[in-house]
Amino acid sequence: MSTETKPKGQLYKQFDRVRGIIRDQFEFLRQDRLATIGIIVVAVFVFLGLFGPALAPHDPIEHDVRNDDGQILRLAEPSGEAVMGTTAFGKDVLSQFLAGAQPTFIVGLFGGIGTGAIGFLIGLVSGYYGGWVDELLMRLTDLTFSLPFMPMALLLLTFVTPNIWLMTAIIAGFLWKMPARVVRSEVLSVRERTFVKSARASGASDLRTMLYHVAPNVLPIGFLYTAYGVAWAIAAQASLAFLGFGDPTMTSWGRMLRQVFESGNMRVAWWWVAPPAIGIAAITTSVFLIGRAYEEVINPEIQTEQ
Amino acid sequence: MSQFQRFLAKRLAISIGLTLIAVSVIFVVLRLLPGSPFEALVTSGNLNQQQINEIRALYGLDQPMWRQYIDYMVSILTFQFGYSILRSQPVWDVLEPRLVNTLILLVPALVTTAILSSALGMYAGWNRGSLLEKSSIITTTFLRSTPVFITAIFFIIVFAYNLELVPAFGMRSVTASPEGYVDTFLSIDFLHHYLLPFTVAVLYYSGDFLLLARNGIVEKRGSEFLKLHKAKGLTEMQQLARAGRNSMLPILTYFALRLGMIFQGLILLEVVFGWPGIGRELVLAIQQQDYPLVQAAVFIMALAVIIANLAADVLYAYFDPTVSTGGGSSA
């Protein structure tokens, strides 16, 4: 038994430590009122992203909303039959809004993580090794800067049927350049610090020094840019969907906006425009507000509080 | 050769290399696309096989791939963009007015926002913790993180549909048919259509400048040279002016970078407002698979960014003595 309890005890300790960290983060964010609001919006969004399609009262694409006489309600204002009104095609806006959160959530989450992870690794390697590795990787970054993101993404999406995973990959494949540059310049300053040099002097390999001594010190900025990456990915996904290059089999907030724009009903159907537009604006802004609260702490140069 | 000249030569060589690679990437992506614009013509039934072959030969599409690549590189790098397949007009004749429309919308917007929001950002940074600082940060965070088409839709609904102050779509009234640029852009009708997209563009760009300026001032706030100025008895505003001058460089370089990206247009802004700019034209060309138009437009966009990048690097190295021009990496 004793052999089992020991790792278990350690596991609990580990668990407590993680919980402590999370609690500290929440404490920190609570001090910034804007960040608190951001956290609430993000929590609601995550909930919608996970359970939205299940909560939707009707199928967002198949179901037609009808009134008591059995007629399809087109462009109906919010009423008992459809709490948030209907679209020009007689679909339920509430259902579309709930179901549409999911692709937005998936692309945002994985696009952001992909952006952060690729950017972090490239920035780390580039900054740590320097020399020709740095030169090569930074020229690659320049290249992705010079190729315009939106047109290139549109081109790639014209010859493959768009699905959300492909969109996630394209978005991460273009956006990693931002964290890469920032992480690299952080690594450049960390690399010169004494503890890194002493690790090298005591015989640690390059890989070990980079991963165990340098990486933890630039991790906060990596997380910060992952958060920004989430907001960028959501914005990019919504923009692509709005231009008509989204996944045709799924309702997303960007696609809802495209349909209302294309059908020319923006002037009248405020109940159709508002939910997806406010949804996208709220989530991207919230992520940035949270990120900014951290940036005030992470960025050493703007810490000169007097 | 001085160190600065060596640095300049190196950056120039890198930029040329980047241009070549970017152009090659465009070629690969475009030739990977399945289907060709001719299929649309063939299925419409207007052409027989012989005519198709003639047109393919005219565009060089019957040549082997490496030959097409060389021809493509030579012509695009000498700015000979060929003929638009669907518009049967020289590509440059299609793109030039669109590019002008984009620049006339976005360059004034960028300059306006660079001046106004940098000034506001500096003032906000100086009064750190004030209501002005907090509210300006929330507003610009909202404006820069929300996709531009959503801001545009909000503005259209409020100002065009509800208040009916300005038109929601296009660059001129349907009835207007001006000749030449001067006639087009110097009219009340144009101004009327211009106001809303201009405002949205100004607001969209404002966030980055504001934060950059604000952070710059916050950094300078406690530094020695400002203490000296304070001891000399300069007023708050005079001190702020000194601090502002010292935090201009990042703003200037960011402005150069943004200026390069303007050639891409703001695709979504142009689409929502129906503004006949280069971004909207490119989306149409992609949908219609008009290769020559697409490759020329993407090439112009990439070139503008590369040149702006070069300019930003050189600006930085020239003005900031702490940047080492000896090292190659000045990302």
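Letters A, B, ... are given to chains in the order of the sequence lines, protein chains preceding strands, and every chain is numbered from 1. Computed from a predicted model, the values in this text were never measured in an experiment.
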Side chain to side chain, [X] and [Y], heavy atoms closer than 4.5 Å:
{"X": "A:E135", "Y": "B:I14", "result": "yes"}
{"X": "B:F154", "Y": "A:I278", "result": "yes"}
{"X": "B:V305", "Y": "A:P148", "result": "no"}
{"X": "B:S145", "Y": "A:V287", "result": "no"}

Sort and list the pairs that fulfil side chain to side chain donor-acceptor pair (under 3.5 Å) and have at least one residue in residues 296-312 of chain B, not counting sequence neighbours.
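Found none.
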
Which answer fits B:F149, side chain, backbone, both or neither, if we ask what part of it has an atom under 4.5 Å from a heavy atom of chain A?
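Contact with chain A involves the side chain of B:F149 alone.
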
Any idea which of [options] has the most non-hydrogen atom pairs under 4.5 angstrom with chain A?
{"options": "B:I21, B:L268, B:L282", "result": "B:L268"}
{"options": "B:N162, B:L143, B:I137, B:I156", "result": "B:I137"}
{"options": "B:T151, B:I153, B:L303, B:V148", "result": "B:I153"}
{"options": "B:V272, B:V25, B:I26", "result": "B:V272"}
{"options": "B:A302, B:G125, B:G17", "result": "B:A302"}

Working to the nearest 0.5 Å, report the span between CD1 of A:I280 and OG1 of B:T146.
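Separation between the atoms: 9.5 Å.
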
Could you measure the distance from the CD1 atom of B:I306 to the CG atom of A:D142? Nearest 0.5 Å is fine.
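These two atoms lie 8.5 Å from each other.
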
With chain B, which of A:F288, A:Y228, A:F145, A:F149 has the greatest number of heavy-atom pairs at distances under 4.5 Å?
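That would be A:F288.
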
By number, which residues in residues 232-245 of chain A have some heavy atom less than 4.5 Å away from chain B?
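Within residues 232-245 of chain A, the residues that come under 4.5 Å of chain B (heavy atoms only) are A:A235, A:A238, A:S239, A:F242, A:L243, A:F245.
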
Chain B contact via A:A281 - which portion, at a heavy-atom distance below 4.5 Å
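It is both, since atoms from each part get that close.
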
Work out which heavy atom in A:P151 is nearest to a heavy atom in B:I286; give both atom names and the distance.
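Of all heavy-atom pairs spanning A:P151 and B:I286, the closest is O-CD1, 3.8 Å.
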
Give me the atom names and distance for the closest heavy-atom approach of B:T141 to A:T285.
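Where B:T141 meets A:T285 most closely, the heavy atoms are CG2-O, 4.2 Å.
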
